Asks: 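Pasting a structure below so you can have a look.
Just so you know, these numbers use all the heavy atoms, side chains as well, and skip hydrogens, waters and symmetry mates. Predicted model only: the values in this text are computed from it and were never measured. Numbers here simply count residues along the sequence, with the first being 1.
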Amino acid sequence: ANQSSRLLKDERGRAFGEEADVPSKAGSAESVVAEATGRRAAPFEFSPARSESEHSLLEYQVIFENAIVGICSMRNRLILRCNRRFEEIFGYGSGELYNRSVRTLYPTQEAFDRVGKVYPSFAKLNQYVHEPQLVRKDGKLIWCIVSGRVLDRRQPERDSVWVVQDITERKLAEDGL
């Protein structure tokens, strides 16, 4: 049986587990997670051998990877990690966006700079939502709704988490009215 495996890493690049697609009894692929210790458990199966913090981390990883919206974490406007849906929205392969400037996703330097000017307001609001036109790897422009929050209001430019949804079809329908 053909088995693919992906190393799970935190934002500092430290491995904390491995995810693998393995054949299930029904013959379809089923994703399981092996922790860095080598123990295997189904993603939603609580194991007494797993600590509460390990269980919580694993649960958040499963949520992150299975979200139907794109999610990324950034530091100083560099993409540290993102889920598969984020990569799909923008047409990138697995891991291609890691450690790249979010400028890659903006059609112009001016659009990138305009969003950069809102970072100081994060200290007050701790949220920014907008509907920019962004660019896919293939150069195609898409409309997205983007919502971001910072992890530390004292340093809003540092660590942030962003959720992205492609709303191109909605925008085209609105323009057609």
Asks: Linking I/L/V/M/F/W/Y whenever their side-chain heavy atoms sit closer than 4.5 Å, directly or via other members, would Tyr128 and Val102 fall into one cluster?
Replies: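 Yes, because Tyr128 and Val102 connect within a single hydrophobic cluster, where side-chain heavy atoms sit under 4.5 Å apart.
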Asks: Treat each ILVMFWY residue as a node, draw an edge where side-chain heavy atoms are under 4.5 Å apart, and state whether Phe112 and Tyr92 are in one component.
Replies: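 Yes; tracing contacts between hydrophobic side chains, which count when under 4.5 Å, links both residues.
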Asks: Is it the case that more than 12 heavy atoms not belonging to Gln109 sit under 6.0 Å from its CD atom?
Replies: yes
Asks: How long is the straight-line distance from CD of Glu88 back to CD1 of Ile68, given to the nearest 0.5 Å?
Replies: 12.0 Å
Asks: Please tell me if the side chains of Ile89 and Arg85 come closer than 4.5 Å, counting only heavy atoms from C-beta onward.
Replies: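 Side-chain contact under 4.5 Å: yes.
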Asks: Just how far is it from atom CD of Glu131 to atom CD of Gln165, taken to the nearest 0.5 Å?
Replies: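 The distance works out to 10.0 Å.
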Asks: To the nearest 0.5 Å, what is the distance between CE on Met74 and SG on Cys82?
Replies: 11.0 Å
Asks: Is there a side-chain contact between Val135 and Ile142, using heavy atoms and a 4.5 Å cut-off?
Replies: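 No, too far: nothing below the 4.5 Å cut-off.
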Asks: Applying the side chain to side chain contact (heavy atoms under 4.5 Å, CB included) test to Val146, which of Leu134, Val115, Ile167, Val129 qualifies?
Replies: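 It is Leu134; the other options fail the test.
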Asks: Atom CG in Asp166, atom OG1 in Thr168: separation rounded to 0.5 Å?
Replies: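 With rounding to 0.5 Å, CG (Asp166) is 3.5 Å from OG1 (Thr168).
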Asks: Does any pair with a residue in residues 89-109 pass salt bridge (Lys or Arg N to Asp or Glu O under 4.0 Å), and if so which ones, sequence neighbours excluded?
Replies: Glu96-Lys137
Asks: Between the main-chain N or O of Val69 and the side-chain N or O of Asn83, is there a donor-acceptor pair closer than 3.5 Å?
Replies: yes
Asks: Quick check: Phe90 with Phe86 (ring centres under 6.0 Å apart)?
Replies: yes
Asks: Should we say atom CG of Leu141 is surrounded by more than 12 heavy atoms from elsewhere, each under 6.0 Å from it?
Replies: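 For Leu141, atom CG is crowded (more than 12 foreign heavy atoms under 6.0 Å).
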Asks: Please test Leu105 against Val164 for side chain to side chain contact (heavy atoms under 4.5 Å, CB included), starting from the C-alpha separation and ending with a verdict.
Replies: CA-CA 12 Å; Leu105 307 178; Val164 178; over 6 Å; no
Asks: Tell me, which pairs form a side-chain hydrogen bond (donor to acceptor under 3.5 Å, both in side chains) where one or both residues lie in residues 140-149, sequence neighbours left out?
Replies: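 Only Gln127-Ser147 qualify under side-chain hydrogen bond (donor to acceptor under 3.5 Å, both in side chains).
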Asks: CG/Asp152 to OG/Ser160 distance, rounded to the nearest 0.5 angstrom?
Replies: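 Separation between the atoms: 11.5 Å.
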Asks: Identify whether Val62 and Val163 are in the same connected component of the hydrophobic contact network (ILVMFWY, side-chain heavy atoms under 4.5 Å).
Replies: no
Asks: From the options Asn126, Leu125, Val161, select the one residue that forms a side chain to side chain contact (heavy atoms under 4.5 Å, CB included) with Val150.
Replies: Asn126
Asks: Once rounded to the nearest 0.5 Å, what's the spacing between atom CZ of Arg77 and atom OG1 of Thr104?
Replies: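 Between Arg77 CZ and Thr104 OG1, I get 11.0 Å after rounding to 0.5 Å.
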